[in-house]
Amino acid sequence: PASPVPAFVTAEVGNTFYVTVPETIQQRHWLVAEGATVTAGQPLVLLQGAGIHHFYMQFDAAQEAFTLAQSRYEHNRKLHANGTIGAEVWSQISMQYHDAKLTFEHMHHFMELLEEAPEQQGSLLKAPMAGVLRYGDASQPLADGGLLLGIVPEQDIRLQVSLPLSIAADTSAIDTGSCQLAVVRRDNVAKAGFVDAWSATVAPACHLTLGQQLQVTPLRQLQALQLPKQSVYSWGTASQVLRHQGDKLLPTTVTILAVDGDNYLVQSQPELQNSEVLSDSVAAAKGVLLGLGGE
């Protein structure tokens, strides 16, 4: 384990499915709490006001315009094929058809999500997919093209954590206190000595909430040797232990990687592997090295 670092529960940019509105919506009555897990087709919000009625009128008009443009396109395609009409006329007919098709398809996608609710004088909008619901800004009327809601797929909810550069390469997992999550991706751009990393999907057993901020412990995967804390003493700017070899104790410099309870985890080196180190009277032995105790 390394020192705790801040993290937050989120989804990577681009993984959220957003729903915008093709017409100004005056009122929105949410049927589901923000952050709730929803299923595809579940009613999410009641849309009311003149804007939703205008949308139905615009949809009918767009459908009629597309039907007429399609009929004209199919009729004149044969005439263009046998040379009865010129390229310029055919180009205009073709452009009108594709413009009408794009307009209709755009409105049709939104129309598929609506379910009329005449008793409530509005329409219910259904979830386009399963995931976690996020509201858009509900403080003002929603203008044409405005963001109504977002849905985050559950498998895309992860922990984003900023790792110090010194431990980023060998951090393999993150401990939240209630669960451990593997690190699945690290960015290659440093930000003031840190890099962003992403965990595996946050499991329900972790009991974490989208948007939550918390402290987590990076878990490093590395080769290390375990030494009792009392065996380590400072020598100048370094840390040393007294290694037993034959009838001698040899000062050996160590690099401390982490703390594990009453022990230090130190960088592995051949001369320390399977060796004994002094763990009692270390301060007295250091005094001898400093020439304070004679023999």
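Given the structure is predicted, the values throughout are model-derived calculations rather than measurements.
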Applying side-chain contact (heavy atoms from CB on, under 4.5 Å), run through Val254 and Gln267 and close with a yes or a no. CA-CA 7 Å; Val254 295; Gln267 194 171 70; over 6 Å; no

Check against side-chain contact (heavy atoms from CB on, under 4.5 Å), Gln180 and Ile174: CA-CA 6 Å; Gln180 289 186 8; Ile174 298 169; over 6 Å; no

Is there a side-chain contact (heavy atoms from CB on, under 4.5 Å) between Leu31 and Gln42 once you walk through the steps? CA-CA 10 Å; Leu31 310 177; Gln42 178 180 348; over 6 Å; no

Can Arg243 and Ser275 be said to form a side-chain hydrogen bond (donor to acceptor under 3.5 Å, both in side chains), step by step? CA-CA 7 Å; Arg243 176 171 53 90; Ser275 294; 5.1 Å; no

Does Leu222 form a side-chain contact (heavy atoms from CB on, under 4.5 Å) with Leu257? I'd like the steps, not just the answer. CA-CA 9 Å; Leu222 43 80; Leu257 300 175; 3.7 Å; yes

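Screening residues 93-105 for side-chain hydrogen bond (donor to acceptor under 3.5 Å, both in side chains) gives Arg72-Gln96 as the qualifying pairs, with residues at least two apart or on separate chains. For residues 187-216, the pairs satisfying disulfide (SG to SG under 2.5 Å) are Cys179-Cys206, with sequence neighbours left out. Screening residues 75-89 for side-chain hydrogen bond (donor to acceptor under 3.5 Å, both in side chains) gives Glu74-Arg77, Asn82-Thr84 as the qualifying pairs, with residues at least two apart or on separate chains.
How far CZ of Phe194 is from CD1 of Ile167: 9.0 Å, rounded to the nearest 0.5 Å. The CG atom of Asn15 sits 4.0 Å away from the CG atom of Asp156 when rounded to the nearest 0.5 Å. With rounding to the nearest 0.5 angstrom, the OH atom of Tyr18 is 7.0 Å from the CG atom of Leu147. The line from CG of Leu79 to CH2 of Trp90 is 9.0 Å long, rounded to the nearest 0.5 Å.
With sequence neighbours left out, Arg134 forms a salt bridge (charged side-chain N to carboxylate O under 4.0 Å, His left out) with Glu34. For Leu165, the side chain to side chain contact (heavy atoms under 4.5 Å, CB included) criterion is met by Ala190, Val195, not counting sequence neighbours. Remark: Asp175 engages no residue in a salt bridge (charged side-chain N to carboxylate O under 4.0 Å, His left out) (not counting sequence neighbours). Looking at residues two or more places apart in sequence or on another chain, you find a side-chain hydrogen bond (donor to acceptor under 3.5 Å, both in side chains) between Glu12 and Arg185. When the salt bridge (charged side-chain N to carboxylate O under 4.0 Å, His left out) test is applied to Asp196, the partners found at least two apart in sequence or on another chain are Lys191. Thr201 pairs by the side chain to side chain contact (heavy atoms under 4.5 Å, CB included) definition with Gln155, Arg158, not counting sequence neighbours. For Gln273, the side chain to side chain contact (heavy atoms under 4.5 Å, CB included) partners are Leu225, Ser268, not counting sequence neighbours.
Atom CE of Met95 has 12 or fewer neighbouring heavy atoms from other residues, nucleotides or ligands inside a 6.0 Å radius. With a 6.0 Å radius and a threshold of 12 heavy atoms from other residues, nucleotides or ligands, Glu276 has its CD atom at or below the threshold. Atom CD of Gln223 has 12 or fewer neighbouring heavy atoms from other residues, nucleotides or ligands inside a 6.0 Å radius.
Checking each of Val216, Thr217, Val9, Val202 against Thr176 for a side-chain contact (heavy atoms from CB on, under 4.5 Å) leaves exactly one that passes, namely Val216.
Under 3.5 Å, the side chains of Tyr233 and Gln240 contain a donor-acceptor pair of N or O atoms.
The side-chain heavy atoms of Thr255 and Ser239, taken from C-beta on, include no pair separated by under 4.5 Å. For the pair Pro6/Gln213, no side-chain contact is recorded, criterion being any heavy-atom separation below 4.5 Å from C-beta on. Annotation: side chain of Leu289 is in contact with side chain of Trp235 (closest heavy-atom distance under 4.5 Å). Between Leu227 and Val277 the shortest side-chain heavy-atom distance falls below 4.5 Å. Contact of the Phe8 side chain with the Leu214 side chain is not registered, since no non-hydrogen atoms from C-beta on lie closer than 4.5 Å. Looking at heavy atoms from C-beta onward, Lys229 lies out of side-chain contact with Asn263 at the 4.5 angstrom threshold. Counting heavy atoms from C-beta outward, Leu149 and Leu133 have side chains that approach closer than 4.5 Å. Side-chain contact between Leu102 and Phe66 is absent, with no heavy atoms from C-beta onward closer than 4.5 Å.
Without hydrogens or angle criteria, Ser71 side chain to Thr67 main chain gives no donor-acceptor distance under 3.5 Å. A donor-acceptor pair under 3.5 Å is formed between the side chain of Thr252 and the backbone N or O of Leu250.
Ser231 and Val241 make their closest contact through O-CG1, 3.5 Å (heavy atoms, listed as atom of the first residue, atom of the second, distance). Across Val161 and Ala7, no two heavy atoms sit closer than the pair CB-CB, 4.0 Å. Residues Ala168 and Arg186 come closest through the heavy atom pair O-NE, 2.7 Å. Of all non-hydrogen atoms in Leu148 and Trp30, the two that sit nearest each other are O-CH2, 3.6 Å. Across all non-hydrogen atoms, the minimal contact from Ile25 to Gln27 is CG2-O, 3.4 Å. Here the closest heavy-atom approach between residue Val152 and residue Leu210 is recorded as CG2-CD2, 4.2 Å.
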Check residues 44-64 and write down every donor-acceptor pair under 3.5 Å in which the side-chain atom is one partner and the other belongs to a residue at least two apart or another chain.
from: Gln48; atom 1: OE1; to: His29; atom 2: NE2; distance (Å): 2.8
from: Gln48; atom 1: NE2; to: Gln120; atom 2: O; distance (Å): 2.4
from: Tyr56; atom 1: OH; to: Ser123; atom 2: OG; distance (Å): 2.6
from: Gln58; atom 1: NE2; to: Glu23; atom 2: OE1; distance (Å): 2.7

Counting only pairs under 3.5 Å, give me each side-chain donor-acceptor contact of residues 106-117, with atom names and distances, residues two or more places apart or in other chains.
none

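In the hydrophobic clustering of this structure, Leu249 does not group with Val232; members are Ile, Leu, Val, Met, Phe, Trp, Tyr whose side-chain heavy atoms approach within less than 4.5 Å, directly or through other members.
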